[in-house]
Colleague: 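Please find one structure pasted underneath; my questions will follow.
Residue numbers begin at 1 in each chain, while the letters A, B, ... track the order of the sequences. These values consider heavy atoms only, across backbone and side chains, with no hydrogens, waters or symmetry-generated copies.
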Amino acid sequence: MANDNKLQSIIAHCKEYGFIFQSSEIYDGLGAVYDYGQYGAELKKNIRDYWWNSMTRMHDNIVGIDAAIFMHPTVWKASGHVDNFSDPMIDNKDSKKRYRVDHLIEAHAETLNENESASLLQKMEQLLASDDFAGLKTLIEENNIKCSVSDTANWTDVRQFNLMFATEMGAVASDNPEDNKVYLRPETAQGIFVNFLNVQKTGRMKIPFGIAQTGKAFRNEIVARGFIFRMREFEQMEMQFFVRPGTQKEWYEYWKETRMQWHRSLGIPDTRYRFHDHVKLAHYADAACDIEYDFPMGFKEVEGIHSRTDFDLKNHQQFSGKKLTYFDTEINQHYIPYVVETSIGLDRTVMMILSEAYQEEDLSTAEKQDSRVVLKFPAMLSPIKLAILPLLKRDGLPEIARELMDSCRPHFKCFYEEKDTIGKRYRRQDAIGTPFCVTIDHQTKEDQTVTIRYRDAMTQERVPLAAVKDIVMKAIQTF
RNA sequence: GCGGGAGUAGCUCAGUCGGUAGAGCGACAGUCUUCCAAACUGUAGGUCGCGGGUUCGAAUCUCGUCUCCCGCUCCA
């Protein structure tokens, strides 16, 4: 199957079987926002739990928190988000090149004589200060400023590209709206940094240690596309690992390898992944790489591992005026810890798991055309673990099935169905990725055995009714 | 953001010259069946993405708009 069709098929399948719907669909949808349906929500939760447990339960020195989406506005000044991402921009329609308005005008000013230049820059400053975008465009047009690529002055309107969503906090309007302005966090990491000392002290944590968190983040992407790959509201799973300065390189390597093992544990072969080391580093990092997965639209980042140095804590210390140092009793020194971050997109992981699991199989024989769509999820991630199917809806078979259901449902998600032929019921479970189906038939009444049918191989075998729960439990065991 | 393509039932799609909307699959209720969908009967589902215009009449022509997909661009 061609890859361009595969994404379409997955989107259609996700909708048809209740995994993912477009947000507000009856109102024509809201761009790049999606809702998880009944099975999608289970799948997403299972992935989140698996990540959470692998971080917090399987490491002595990593604890989890849940910070608020709203944070003090100064947080985003300290993190660099306010300054770096709120400049007015303008596009040249011919070259399609986008410029920061101030850069464009400043570059032009350099070609002018001293008086003209100063006058131009002064006008620009006034317009920038008053957010007069129309005035800025007029200024560009009056000065006949051209694009260096296309050499034309065919410009779009000036627009503000602030990638952070803002809202107002507090019911009382202020004279200056900026006073009440709060942002929806564009990343979850800052909630960890500002709680670094709280957790360290109350948890009596000793470096090296980590703080993990999952939660929603919001980015007002200009171009958001690719199904749930790039959404305006999305969920991150992040862990910030605090280390002694100078040891960050080895921890960076450690987490690179540890995170890759986690990916392997999802049953996805190495060939579907690749590392992408950042050459051009962000302002906060001294080393960074992406784990990329081969999505239907090509290799794309699913997780980032960044050595963030002491950039964040140092800035928060400076902006807040609160000391954010740690006293290391081993070397009797105070220092601001360095941070190695692992940051994985939960929605991207859902999409990765779906892409990997989705299979259209041709089951045709000489006599009969046949095919199925199956989601080959790792059993621990499947929305439904076990489907319990009485072969007939009479002769006491449903009663036995219900008993099995009652004994299993406290332990894992089960599904009961007695409608339609058994083959049809199997295929329906294939379509939502249920790894096990158990069928109760007349023989069950005689010898207390059932047929268990495996999703991937479509084979089945006879097992004791009493063993079913343990078979499934064992298969979904994660650690 | 620019360019291209597309929106008709839950899904995949048909719908001629402008004349009051159809199929297959799926779903639901039964029948049959006794371990791998597509056997039989019946039922429900659509302001043809949304809004304006042309017309006696618009799924169809036209303008606008929203959404999705592809390419380029961007991505702390």
Side-chain angles (χ1 to χ4, degrees), chain A residues 3-5 7-9 11-18 21-34 37 76 79-86 89-98 154 156-157 159 161 163-164 186-187 189-190 217 219-227 229-230 278 280-285 288 290 296-297 300-301 304 306 308 311-312 343 361 363 365 368-374 389-395 397 419-431 437-443 450-455 457-462:
Chain A
N3 268 350
D4 39 327
N5 295 335
L7 180 58
Q8 307 264 27
S9 305
I11 294 170
H13 190 86
C14 282
K15 184 183 177 189
E16 187 163 9
Y17 289 93
F21 310 121
Q22 197 180 3
S23 163
S24 316
E25 195 188 2
I26 60 169
Y27 291 102
D28 280 343
L30 185 63
V33 184
Y34 289 88
W76 306 112
S79 68
H81 285 84
V82 171
D83 288 339
N84 290 338
F85 302 102
S86 59
M89 310 283 278
I90 193 166
D91 291 14
N92 184 278
K93 289 179 184 172
D94 299 313
S95 66
K96 321 292 185 208
K97 197 157 165 53
R98 177 170 297 153
N154 186 13
T156 63
D157 287 339
R159 285 160 302 191
F161 285 91
L163 276 91
M164 284 195 290
E187 64 175 28
Q190 301 304 325
R219 293 183 194 178
N220 198 4
E221 301 282 356
I222 300 155
V223 181
R225 265 204 308 227
F227 194 38
F229 183 81
R230 178 168 290 120
H278 290 205
K280 193 179 69 182
L281 292 168
H283 56 278
Y284 55 72
D290 297 336
M297 65 283 194
K300 301 272 187 189
E301 176 186 358
H306 302 154
R308 291 181 78 122
F311 175 88
D312 300 277
S343 174
E361 291 183 346
L363 305 171
T365 58
K368 184 176 143 196
Q369 287 249 313
D370 196 8
S371 67
R372 68 165 180 167
V373 173
V374 53
L389 316 169
L391 192 58
L392 294 176
K393 53 184 134 185
R394 55 167 191 265
D395 303 339
L397 303 186
K419 196 180 131 37
D420 291 319
T421 62
I422 194 68
K424 201 165 198 168
R425 282 180 273 171
Y426 285 158
R427 298 301 173 84
R428 266 201 287 259
Q429 294 305 313
D430 288 343
C437 294
V438 156
T439 303
I440 284 85
D441 59 17
H442 289 107
Q443 195 184 328
V450 294
T451 306
I452 187 163
R453 181 264 193 187
Y454 303 106
R455 174 196 65 200
M458 298 177 72
T459 53
Q460 47 196 30
E461 58 185 316
R462 205 82 206 171

Colleague: Can you check the distance between B:rU60 and B:rA37, where both ends of the measurement are the C1' atom (answer in whole Å)?
Modeller: 37 Å
Colleague: Going by heavy atoms in the side chains, are A:L363 and A:M458 under 4.5 Å from each other?
Modeller: yes
Colleague: Based on the glycosidic angle (syn within 90° of 0, else anti), state the conformation of B:rG18.
Modeller: anti
Colleague: Could you tell me how far B:rA21 sits from B:rG4 if I compare only their C1' atoms? Round to whole Å.
Modeller: 30 Å
Colleague: Output the rounded distance in Å from NZ (A:K393) to P (B:rC32).
Modeller: 10 Å
Colleague: Test A:E361 against every option in A:R372, A:R455, A:R427 by the salt bridge (charged side-chain N to carboxylate O under 4.0 Å, His left out) rule and name the one that passes.
Modeller: A:R372
Colleague: Can you tell me whether the side chain of A:D370 and the base of B:rA38 have a donor-acceptor pair closer than 3.5 Å?
Modeller: yes
Colleague: Provide the Watson-Crick or G-U wobble partner of B:rA39, both distances under 3.5 Å; none if there is no partner.
Modeller: B:rU31
Colleague: Sticking with atom P, work out how far B:rG57 lies from B:rG24, rounded to a whole angstrom.
Modeller: 34 Å
Colleague: Confirm from the modelled atom types if A:R225 and B:rU67 form a donor-acceptor pair under 3.5 Å, side chain to base only.
Modeller: no
Colleague: So for A:R453 and B:rC36, does any side-chain atom that can act as donor or acceptor lie under 3.5 Å from a complementary atom in the base?
Modeller: yes
Colleague: Return the minimal non-hydrogen interatomic distance between A:Y34 and A:Q22, and the atom names on each side.
Modeller: CD2-CA, 3.7 Å
Colleague: Could you work out the separation of B:rG42 and B:rC25 based on their P atoms and round it to a whole Å?
Modeller: 14 Å
Colleague: Would you please confirm or rule out a distance under 4.0 Å between OP1 or OP2 of B:rC11 and any side-chain N or O of A:K15?
Modeller: yes
Colleague: Looking at every strand, decide which applies to A:Y454 at a 4.0 Å heavy-atom threshold: base, sugar-phosphate, or nothing.
Modeller: nothing
Colleague: Which listed nucleotide (B:rC69, B:rU34, B:rC74) is nearest to the side chain of A:R394?
Modeller: B:rU34
Colleague: Taking all non-hydrogen atoms of both residues, which atom of A:D420 and which atom of A:R425 are closest, and how far apart?
Modeller: O-NE, 3.0 Å
Colleague: Enter the distance from A:R428:CZ to A:Y17:OH here, rounded to the nearest 0.5 Å.
Modeller: 8.5 Å
Colleague: From the list B:rU34, B:rC70, B:rU33, which nucleotide is the closest neighbour of the side chain of A:L392?
Modeller: B:rU34
Colleague: What is the distance, rounded to the nearest whole Å, between atom OH of A:Y17 and atom C1' of B:rG10?
Modeller: 10 Å
Colleague: Identify whether any heavy atom of A:R308 sits under 4.0 Å from a base atom; if not, whether one sits that close to sugar-phosphate; answer base, sugar-phosphate or nothing.
Modeller: nothing
Colleague: If you find the nucleotide of RNA chain B closest to A:P186 and the one closest to A:D441, which residue's nucleotide is nearer the 5' end?
Modeller: A:D441
Colleague: Atom CD of A:Q460 and atom C1' of B:rC36: how far apart are they, to the nearest Å?
Modeller: 7 Å
Colleague: Nearest whole angstrom, please: distance from the P of B:rC69 to the CZ of A:F227.
Modeller: 8 Å
Colleague: Are the side chain of A:H442 and the backbone of A:L391 linked by a donor-acceptor contact shorter than 3.5 Å?
Modeller: no
Colleague: Once you round it to whole Å, what is the distance between C1' of B:rC11 and CD of A:Q22?
Modeller: 16 Å
Colleague: side-chain hydrogen bond (donor to acceptor under 3.5 Å, both in side chains) with A:T451: which of A:Q460, A:R462, A:Q443?
Modeller: A:R462
Colleague: Using a heavy-atom cut-off of under 4.0 Å over every strand shown, decide if A:H13 touches base, sugar-phosphate, or nothing.
Modeller: nothing
Colleague: Taking donor-acceptor contacts at under 3.5 Å, does the side chain of A:R427 reach the base of B:rG26?
Modeller: no
Colleague: Taking pairing as Watson-Crick or G-U wobble with both contacts under 3.5 Å, can you name the mate of B:rA6, or confirm there isn't one?
Modeller: B:rU67
Colleague: How is A:A217 classified with respect to the nucleic acid when contacts are heavy atoms under 4.0 Å: base, sugar-phosphate, or nothing?
Modeller: nothing
Colleague: For the atom pair CZ (A:R219) and CZ (A:R230), what is the distance rounded to the nearest 0.5 Å?
Modeller: 9.0 Å
Colleague: Would you call A:F227 and A:P296 a side-chain contact if the rule is heavy atoms closer than 4.5 Å?
Modeller: no
Colleague: Is a donor-acceptor pair below 3.5 Å formed from side chain A:S371 to base B:rA37, judging by atom type as modelled?
Modeller: yes
Colleague: Respond yes when some side-chain nitrogen or oxygen of A:Q8 is under 4.0 Å from OP1 or OP2 of B:rC68, and no when none is.
Modeller: no
Colleague: Counting only Watson-Crick pairs (N1-N3 plus N6-O4 or O6-N4) and G-U wobbles (N1-O2, O6-N3), all under 3.5 Å, who is the partner of B:rA23?
Modeller: B:rU12
Colleague: Go through A:M164 and A:V82 one step at a time and tell me if the side-chain contact (heavy atoms from CB on, under 4.5 Å) criterion holds.
Modeller: CA-CA 8 Å; A:M164 284 195 290; A:V82 171; 3.8 Å; yes
Colleague: Using atom P of each nucleotide, how far apart are B:rU47 and B:rG51 to the nearest Å?
Modeller: 12 Å
Colleague: Output yes when at least one side-chain N/O atom of A:K419 is less than 4.0 Å from OP1 or OP2 of B:rC28, else no.
Modeller: yes
Colleague: Considering only atom P, compute the distance from B:rC11 to B:rC36 and round it to an integer number of Å.
Modeller: 31 Å
Colleague: Determine the interatomic distance between C1' on B:rG22 and the same-named atom on B:rU55; round to the nearest Å.
Modeller: 26 Å
Colleague: Judged by each residue's nearest nucleotide on RNA chain B, which is more toward the 5′ side, A:R462 or A:L30?
Modeller: A:R462
Colleague: Using atom P of each nucleotide, how far apart are B:rC68 and B:rC61 to the nearest Å?
Modeller: 24 Å
Colleague: Take atom CD of A:E16 and atom C1' of B:rA27, then tell me their distance rounded to the nearest Å.
Modeller: 10 Å
Colleague: Using a cut-off of 4.0 Å between protein heavy atoms and nucleotide atoms, how would you tag nucleotides 47-53 of chain B 5' to 3' with B, S and -?
Modeller: --BS---
Colleague: Can you tell me the Watson-Crick or wobble partner of B:rG57, both distances under 3.5 angstrom?
Modeller: none
Colleague: Output the rounded distance in Å from CE (A:M164) to P (B:rC75).
Modeller: 17 Å
Colleague: Rounded to whole Å, please give me the gap between CZ in A:R428 and C1' in B:rA27.
Modeller: 9 Å
